[in-house]
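The structure under discussion appears below in the form of structure tokens.
The model shown is predicted, which means the values in this text are computed figures rather than measured ones. Note that these values count all heavy atoms, side chains included, but never hydrogens, waters or copies made by symmetry.
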Amino acid sequence: CSVAAGDGEEGDMAEWRITSEDSVLQTPWFEVSLAAVELPGGKSLEHYVLRRPPVVLTAMLDDQDRVLVVWRYRFITGARGWELPSGLAGRDDELPAAAAREALAETGWEPLDPRPLVRFDELPGLAAAAQHVFWTDRARHRGEPGWETERLDWMPLREVPALIAAGQVRAASTAAALLHLHATPR
């Protein structure tokens, strides 16, 4: 991969600098602020920034190379689709523990020893919204799925590309994580 600008070395490229940032709206789920930004060369601009606590997702795999997914309705987009169980990590949460807690709450399955798989930055030109995907090949059934889950199923990883192409996996972070699992030997 080549560097697009600068002298060819990442360290040589000047960074944009936030000179001030004022909160516009704060909720338990996100904050919107207005940042004053100084660009290389002295130009300045204002930019709205969305900040959100980390999102944790969990891929629980079984011994048949299937992953546990939930079928959910997202009212904002008006669409249903398969997703990995997910939720927000609290300020003091360890990310693997938060991933396990959220997966259990949504599926009734407790992931044992979740390990980091990939990290994504959702909307990096607009938001500070990290998504941390964990995976495990060990899970224990502990109860019924949570209220947000319309149904759950064990999706064969070999079917992932076709389900994404058919629009049945609409969440970008789930699609990327499932494609990564599909392509990576374990």
Do E150 and R80 meet the salt-bridge criterion of a basic N to acidic O distance under 4.0 Å?
-> yes
Can you measure from CZ (R66) to CD (E159) and round to the nearest 0.5 angstrom?
-> 10.0 Å
Cluster overlap V24 with L50, hydrophobic side-chain contacts below 4.5 Å | yes
R170 and A79: which non-hydrogen atoms are nearest, and at how many Å?
-> NE-CB, 3.3 Å
Can you tell me how far the OG1 atom of T136 sits from the CG atom of L117, to the nearest 0.5 Å?
-> 11.5 Å
Are R101 and D93 close enough for a salt bridge, meaning some N to O gap below 4.0 Å?
-> yes
Keeping the roles fixed (side chain from S33, backbone from A35), state whether a donor-acceptor pair exists under 3.5 Å.
-> no
Taking the side chain as C-beta and beyond, is there a heavy-atom pair between V32 and F30 under 4.5 Å?
-> yes
Shared hydrophobic cluster, L179 / V55 (ILVMFWY, side-chain heavy atoms < 4.5 Å) | yes
Is there side-chain contact between L39 and V37, with at least one heavy-atom pair below 4.5 Å?
-> yes
Taking all atoms of both residues into account, what is the closest heavy-atom pair of L95 and P54, and its distance?
-> CD2-CB, 4.1 Å
State whether a side-chain donor-acceptor pair under 3.5 Å links S23 with E31.
-> yes
Are R72 and E106 ion-paired here, with the side-chain N under 4.0 Å from a carboxylate O?
-> yes
Working to the nearest 0.5 Å, report the span between CD1 of I164 and NE2 of H182.
-> 9.0 Å
Between L34 and the options E46, H47, E21, the side-chain contact (heavy atoms from CB on, under 4.5 Å) test singles out E46
Does the distance from a Lys or Arg side-chain N to an Asp or Glu carboxylate O, for E38 and K43, drop under 4.0 Å?
-> no
So does W154 have more than 12 non-hydrogen atoms from other groups sitting under 6.0 Å from CH2?
-> yes
May I ask you to test the W82-V70 pair for a side-chain heavy-atom distance under 4.5 Å?
-> no
E110 with R140: basic N within carboxylate O range, under 4.0 Å = yes
L181 and A59: which non-hydrogen atoms are nearest, and at how many Å?
-> CD1-CB, 3.5 Å
Exam field: side chain T58 to backbone F134, donor-acceptor pair closer than 3.5 Å | no
With a 4.5 Å limit on heavy-atom distance, are the side chains of Q131 and R52 in contact?
-> yes
Between F120 and V67, is there a shared hydrophobic cluster once you connect ILVMFWY residues whose side-chain heavy atoms come closer than 4.5 Å?
-> yes
Does a side-chain heavy-atom distance below 4.5 Å link L126 with V49?
-> no
Return the minimal non-hydrogen interatomic distance between P53 and L88, and the atom names on each side.
-> O-CD2, 3.8 Å
All heavy atoms of S86 vs all of L57, minimum pair found to be CB-CG, 3.7 Å
Flag this pair as yes if the NZ/CZ of R115 is under 6.0 angstrom from the six-membered ring centre of W135 and inside a 45 degree cone about the axis; otherwise no.
-> yes
Contact check, side chains of M155 and L163, non-hydrogen atoms, under 4.5 Å = yes
At what distance, to the nearest 0.5 angstrom, does OH of Y73 lie from CD1 of I76?
-> 10.0 Å
Can you find a heavy atom in the side chain of W71 that is under 4.5 Å from one in the side chain of T149?
-> no
Kindly indicate, with the supporting measurements, whether the criterion side-chain contact (heavy atoms from CB on, under 4.5 Å) is fulfilled by E83 and V69.
-> CA-CA 5 Å; E83 298 181 12; V69 289; over 6 Å; no
Looking only at heavy atoms, the pair that brings P111 and L104 closest together is CD-N, 4.4 Å
Are side-chain heavy atoms of L157 and L61 found at a separation under 4.5 Å?
-> yes
May I ask whether L178 and V133 are part of the same hydrophobic cluster, defined by side-chain heavy atoms of I, L, V, M, F, W, Y residues being less than 4.5 angstrom apart, directly or through others?
-> yes
